[in-house]
Structures are given as C-alpha cells and as structure tokens.
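Beneath this line is the structure, given in structure tokens, with notes to follow.
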Amino acid sequence: MQIEVNGQMVEAKAGAPCGDVLQESLSKKQFKNTVVCRCGDALLDLTSPLPEDCRTLEPVFADSEEGLDIIRHSAAHLMAEAVKKLFPEVKVTIGPAIENGFYYDFDFERAFTPEDLEQIEAEMERSVGADKLFSRSEMSRDEAKAFFAAQGETYKGEIIDDLGAERYSIYKHGEFTDLCRGPHVPRTGLIKAFKLLSVAGAYWRGDEKNKQLQRIYGTAWANPKQLKQYLDRLEEAKKRDHRKLGTQLDLFSIHEDVGGGMILWHPKGALVRAILEDFEKKEHLKRGYQLVQGPLILKRELWEKSGHYDNYRENMYFTEIDEQAYGIKPMNCLAHMLIYKSRLRSYRDLPIRYFEHGIVHRHEKSGVLHGLLRVRSFTQDDAHLLCRPDQLQQEIIGVAQFVKDVMEMFGFDFEAEISTRPEKSIGSDEDWERATEALKNALDAMGWAYDINEGDGAFYGPKIDIIIKDALARRWQCATIQCDFTLPDRFDLVYVGEDGERHRPVMLHRVILGSLERFLGVLIEHFAGAFPVWLAPVQARVLTVTDAQNEFAGKVRDYLVSRGIRAEADLRNEKLGYKVREAQMEKIPYMLVVGDKEVEAGAVNVRWRDGDDPGMMAYEDAAELILSAACEPFQRGGMSYSFSTTGSPHTA
RNA sequence: GCCCACGUAGCUCAGUAGGUAGAGCACAUCCUUGGUAAGGAUGAGGUCACCGGUUCAAAUCCGGUCGUGGGCUCCA
C-alpha cells in the first residue's frame, strides 16, 4: 500500500513493523533519535505492525514534547524494574509521566532512603547501558489476571478489574513485565538523561482512606544537556522562593509562637500590601463596585442558615460570647447579603456589586500550610454581585474582563477551569445546570479555553477558577468566579421587578487576586523580589558619597516624597560602594547618587537596579523618570497609578 | 490529617569514635570622609526547638511533643 512517510509517498506493507517502514525514510541520526511513531492520531511502538488503515506515518523524536512524555513514562518502567530487582518483595502499582519527569508508586513495608535511591539509580543506569529491548505483547483478561496474580502483584489485578477490557497490552524489558497501554521507547538505551529526585507518601488511587504508598519522583530528558538545564532551573527557582526572599527583603515572617499559617507583615511587606489594596479599591470603584465592610465573627445560627455549618464546619473556627455561639468567618458573603437585605431593592438598583478586602480564617490541615501560598488567616479581595437573571451573563463577562486586565498588567499567564457540582452540595439540579451553563457561555464569549473539573465546585454553586504558576511551576488558584442560586434563596433576597412583584436575584462570588497573601507570594517569586516600580516599597534611595552632601540629599529626598515617590536617603557614614550594594540587594529600583559634583549642579546621578544607568540629571527630571516608570504597567486596560500614602521618609 | 526528611546566634551555615559550642553576614562602640556590589579594629549575642530517657557526662544516642521542608489528600 501507498502511505505518506515523513512527507514522502512510499510503498509499505501493512503489518510490517512501523520502525522498519520509518527507517527507510529517515537518516540514521534521525532514526536513532526516534522513540515512537505517529499514525494519524495514534502513537505506536516502533515494533507495532503497520495498521491497514494507516495513511501517514511520522517519527516522534526524543526531544519533542510527545517524545519526552514517552521517555519519562519509559523511565518510570525502568525504575520499577530496578526497584523490583533490588527489593523483590515490593508490589508495583502505577507510574506515569508528569510535567518534567515521572513517578512510580510502590507498596513497600519500609520507606525508601536516599541510599536506596542511589542504588535504584545505579541499577537503572546498568539497564540503560545494557540497551534492553522494550517488547509489547497482548494477553486476554484471564491470562493477564493469572499472570500478575502469580507474581503477587495484587494492584495490577485491581487495575485490570477496574478497566474491564478484554485484551491487555503488557510491556517487557529485561526481567520486568508491566501492564501498560504504552507506547514505549524501543530500547532502554534511549533513556539517556534522568535523575531520581525525592520520595514521598501518596495514597493508592489518590484516596486518603486507602493505603499510603511510597512514591519516587524522578526527572528525565532527551539528553544530558537538557537534564542539566532542568536541574539548574530548579536551583534558580529555589533562589526566588518567596519564603527566602520574604526574609531577605524583610517583607514578612511566620512565628512558631503565633501559630502555623499566620503571617506577620513587616513594614515593607505591609506597604506592598497597602499599595495593592489601594490600587484595587480605586479599580473597583471605577468599575461600579461599592466598598462595604463586615465583622470577623458572626453568630453561629447565621452559618447554620447559610449551610456553611453543615458543609464547611470542619474548616471553621468557633468562639463564644455571652453564652452565644459565634463562627469566625471563612467567607465574606453573609455580611454582604445582609447589607443587601437591609432595605427593599428595585430592579433598577441591580446589579449591585459589593467589594471588601475581607479577612477570613480557615482551618487548613497542618500538612498543607506553605509560606504565604497556603495559610490559615488571609485577606480576600472579595466581591458579591447581585443581579437579575438576565444580567448574569454580562456580569460574569465583566468579572472575566477584570481578571484579564489585572493579570495582564502583572504579566501573568493564566489558565481557566470550570468546576461542576460536588457530592456535598445544596440546591436544585436545574439551578446547577443553569449556573454552569452561564459560566461556560461567558468564557466562550471571552474566547478563553478551559478545562472542566467534574465535582470540584463549591457546595453552593459551580465556579470558574483562574490558575497561575509559581517559580517552581506549581499551580495556584487565584481568581475565582462562583455562581450561586442557593444562598439568595436561603436568605430570601429579593428585588421588586418592573411588574411590581418580588423576584429572586442571582449572586456571584468572585475574587480577582484571590488572597493577598497567596498573590503576594506568587508575585514575589514572579518578580524574584524586584517589584515593579509602582509596587516597590522603596522606589528610590538617595545615596551620599560623603556627609558633605547630607543637606542636599535631604532636600532631594523631601522633593521626591512631595511628588508622591516613596524615597529614602542613606546618610550613613559608609562608602558609596557599600550603600550601592545594600540598595541593590534590597532591589530598590532607583539609586540617586549625590556627590559634590551633583550638589553643585543641583542634580543626581541615577543608577537603575536593572541595568543601564540613565546617568546624571536634574533631580526634578529624575522624579519624572521614576513617576513615568511607575505608571508604565498601567498603559493597558485603562487603569492608572497613584498612591496616596506617603512612605515615611527615613534619615539614617 | 498521612508518609519521609530536617530543627545549632537576627540571617546563612560549620560542629560523628557522646567530654558543658564556632564562622561569615547583620548588630553596638571606635577609627576611617571614601564616587557606583562589602574600609578597619574591638565587642555583645546561643536554655544547641521543647519535654522525658540512657550515661559519670548528651547539640551529638533513644522516645514523645511542637515547628519547618518535600509530597499525598484538601484549598484562595
């Protein structure tokens, strides 16, 4: 038959190994670098027979994205082989490729030690050196069950029962055989660059009720150079860890004595927060939101009424006042609804958009706390939008646009997900259906791609989640838009329609940054601590060469402060080099050096944190330079920068 | 909450055949007035996370508690 191989038409025989067909159209070097092949949408082993209906055949090279997945998955098998050889009593479970690497979960009586990992790695190296063939074969369900049962691999039996198929493919290399859909690299020699990274506990099938297995993580690449680049990248990422930078830049701290997941914001960190809050308040007012404020604790009955007591109690803190039970708020919606309810609303009033920087407390499990990214006390930039059903679509789009404007302003890429009804939830099926549709329609209107997370919604409604990544490419949920037909019902929220009747409004819960704590954590890593000028706690520092310039330096500092710039003067009896180094390590965007020459000219010598120095200029001009740099990120989206709280002038 | 690892000055870290602790930075005092990433001297600073055990003797060995880190589950 005639098929297209790598762009050219060739004559091939159906049933011949794909690898053989490919080999004729590829250079030796290319073929050596081929891990599997693609026929239409399907990926096939090089040893697989060429299907009858195959019209095009392409090689998948080791360094392509698909190729790397194959290598990583194959590396997981290689690791399982090594583990079984060293520890025959281990039971194998599953081992997929993941972003940048792979893992395999093992059932083993004891924990793997770092020494074990070294041994396993050495055993894998031997297997790579031996360049063993990966061979594919098939078994019927009964054969497969009997085969793995005979080896005591009970987890494989469970997987077979679960899949419920008639035929199963198995892969063998050396002495190791595993149930696997494949495909795999043709020979172990293609797994050239890998490293085992860590061992961790993981539950069988991801369910904490199940047995905890030992998971070994590893990374694998097409060649040693790529591997080194990745390991270097990991090192680099550690340097921008927000916990490390938080200490170095004196932004925040976490004290054991205060409690886990509680943040102490130091002056500079608190200032960055205040700037963000200030920016957000103005931006919300511009977009038709109203600022409101509720208390931290509300009576327990209210949480019972809302459903939080039944559905969210394990995450809440409670207290008692005058023998009356109170709940510390984990969310801000109740106060907002009561504000809505404080008077009768007309359809003309809608949509109503209430915004609050609301401090919430959630009892997160101790093991999940993580710097600023997962805490127990945090501030949400929370809003609740109450609207008529016919306004819902437009309101969701408005929020999505708001999210887009803000994320683009910070330079974050983001991904969207829609989460549907969870098991533990309240409300009718129709309402859930309507709400989910509204969210999907809005994202379609925005032209955003999104994934669906079945059963991941909040207990009161479906939601859109926006996910951004930290320095280690870990994904964090920030913005979320949640549709809610249920709470307005429970709290009997109404508006009077054009017809004079009472109607039920729809409520949207939404945050943009999510929590200020988490967002700042990701932001610190995103900018490696070098905040953009508008957010930098100190925007400019005047550095004197000797104390002969102290008076002039003070004058420059005062001028900058009067122009709304957060400026300091470093008048200490230290050498200029020392002051420059310190300012640089504090990542202050502008250093304004003044010596005798500058005093005489009424100028400053501008040194910029990020590279080329603008040089000497009148200090009034330097102020304009700094102000325009501060405004720069706001060019898009019709936003603007101004910050009214003056940083306290500091005279050292 | 679960699995594994770790917990020494404000910070970063040394400190193994168990013998009542060290360095650099930061801090204080003094000297130095010096043009773009660290000038010099002196000094102060530690219940070696906490509790208990083994021992003549524990930062070091054992047990527990708390905390942190990497994951799992969960989440903004």
Side-chain angles (χ1 to χ4, degrees), chain A residues 103 105 108 110-114 116-117 197-217 238 241 243-244 247-248 250 253-261 312 314-315 330-331 358 360 362-376 378-382 419 456 458 463 465-468 472 474 476-480 482 509-519 521-522 543-550 573-586 591-598 605-609 613 615:
Chain A
Y103 68 77
D105 287 346
F108 190 24
R110 65 174 180 84
F112 290 109
T113 63
D116 291 338
L117 290 198
L197 297 175
S198 61
V199 54
Y203 301 104
W204 168 234
R205 291 173 187 266
D207 188 334
E208 63 183 321
K209 291 183 197 79
N210 288 341
K211 178 159 191 188
Q212 190 150 31
L213 308 169
Q214 304 275 327
R215 174 173 297 179
I216 301 179
Y217 281 95
K238 277 187 200 157
D241 187 312
R243 291 163 298 189
K244 201 171 181 144
T247 306
Q248 270 168 26
D250 199 14
S253 60
I254 300 171
H255 279 262
E256 207 178 303
D257 299 343
V258 174
Y312 205 72
E314 58 274 26
N315 284 302
M331 299 179 190
V360 296
R362 297 185 185 174
H363 180 233
E364 303 292 347
K365 290 179 182 177
S366 60
V368 307
L369 302 178
H370 182 96
L372 293 177
L373 299 182
R374 193 73 184 273
V375 295
R376 284 180 171 155
F378 56 101
T379 304
Q380 294 183 301
D381 56 339
D382 204 2
S419 298
D456 251 4
K463 58 179 185 171
D465 286 324
I466 305 297
I467 286 123
I468 61 181
L472 285 166
R474 286 179 296 211
W476 294 98
Q477 184 179 325
C478 288
T480 168
Q482 310 182 344
H509 310 243
R510 55 104 278 195
V511 290
I512 303 284
L513 306 182
S515 93
L516 291 182
E517 283 74 10
R518 174 176 292 180
F519 193 77
V522 179
L543 311 180
T544 52
V545 177
T546 73
D547 53 18
Q549 299 91 33
N550 282 5
N573 175 16
E574 295 290 350
K575 288 194 170 179
L576 180 60
Y578 183 88
K579 296 182 183 181
V580 167
R581 177 183 147 85
E582 218 160 69
Q584 190 75 41
M585 290 202 307
E586 287 176 50
M591 287 158 257
L592 309 181
V593 175
V594 295
D596 286 338
K597 275 183 291 183
E598 287 77 14
N605 208 317
V606 182
R607 180 191 160 102
W608 190 34
R609 165 185 74 185
D613 296 343

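We name chains A, B, ... by the order of the sequence lines, and we start the count at 1 in each one.
Side-chain contact check for Asp116(A) versus Arg110(A): some heavy-atom pair is nearer than 4.5 Å. Using a 4.5 Å heavy-atom cutoff, the side chains of Arg362(A) and Met331(A) are in contact. Put simply, the side chain of Gln584(A) reaches to within 4.5 Å of the side chain of Met591(A), judged on heavy atoms.
Rounded to an integer number of Å, the gap from CG of Asn315(A) to P of rG1(B) is 13 Å. Distance Arg581(A) CZ to rC25(B) P: 10 Å, rounded to the nearest Å. Between Met585(A) atom CE and rA37(B) atom P there is a gap of 12 Å when expressed in whole angstrom units. Spacing between atom CD1 of Ile216(A) and atom P of rC72(B) amounts to 15 Å, rounded to whole angstrom units. Whole-Å rounding puts the Leu513(A) CG to rC75(B) C1' distance at 17 Å. What separates CG of Leu369(A) from C1' of rU73(B) is a distance of 14 Å, to the nearest Å. Atoms NE2 (His370(A)) and P (rG67(B)) sit 17 Å apart, rounded to a whole Å. Atom CD of Glu574(A) is separated from atom C1' of rG40(B) by 11 Å (rounded to the nearest Å).
Taking the side chain of Lys365(A) as heavy atoms from C-beta on, and the options rC72(B), rU73(B), rA76(B), the nearest nucleotide is rU73(B). Of all nucleotides listed (rG70(B), rG34(B), rA76(B)), rG70(B) comes nearest to the side chain of Arg243(A). Listed nucleotides rG39(B), rU36(B), rG1(B) differ in distance to Arg607(A); the shortest reach to its side chain belongs to rU36(B). Considering only the side chain of Glu208(A), rU73(B) comes nearest among rG39(B), rU73(B), rA76(B). Listed nucleotides: rA76(B), rG69(B), rG34(B). Nearest to the side chain of Glu364(A): rA76(B).
Among the atoms of the strands shown, base atoms are found under 4.0 Å from some heavy atom of Lys597(A). Note on Arg215(A): only backbone sugar-phosphate atoms sit closer than 4.0 angstrom, heavy atoms only; bases stay farther off. Residue contacts for Val375(A): at a heavy-atom cut-off of 4.0 Å it reaches a base atom on one of the strands shown. At the heavy-atom level, Gly371(A) lies under 4.0 Å from the strands shown only through sugar-phosphate atoms. Asp382(A) comes within contact range of no nucleotide atom at all, as no heavy-atom separation falls under 4.0 Å. Residue Asp465(A) is out of contact with every strand shown, counting any heavy-atom pair closer than 4.0 Å. Gly206(A) comes within 4.0 angstrom of sugar-phosphate atoms only, judged by non-hydrogen atoms across all strands, and of no base. Glu598(A) comes within 4.0 angstrom of a base, heavy atoms only. Residue-level contact check: Gln477(A) touches the backbone only, with heavy atoms under 4.0 Å from sugar-phosphate atoms and none from bases. Among the heavy atoms of the strands, none lies under 4.0 Å from Lys209(A). Counting non-hydrogen atoms under 4.0 angstrom, Leu543(A) reaches nothing in the nucleic acid.
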Checklist entry - In dot-bracket, 5' to 3', how would RNA chain B read with Watson-Crick or G-U wobble pairs under 3.5 Å, [ ] for crossing ones and | for pairs to another strand? => result (((((((..((((.....[..)))).(((((.......))))).....(((((..]....))))))))))))....

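Here the side chain of Gln482(A) pairs no donor or acceptor atom with the backbone of Arg510(A) at under 3.5 angstrom.
Comparing Leu576(A) and Asp547(A) by the nucleotide of RNA chain B that holds the closest heavy atom to each, the one mapping nearer the 5' end is Asp547(A).
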Checklist entry - Using a cut-off of 4.0 Å between protein heavy atoms and nucleotide atoms, how would you tag nucleotides 2-13 of chain B 5' to 3' with B, S and -? => result BBS------S--

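For rG39(B), the base is not stacked against the aromatic ring of Tyr578(A), per a cut-off of 5.5 Å between centres and 30° between planes.
A salt bridge is defined here as a Lys NZ or Arg NE, NH1 or NH2 lying under 4.0 Å from an Asp or Glu carboxylate O, and Asp207(A) with Arg205(A) fails to meet this definition.
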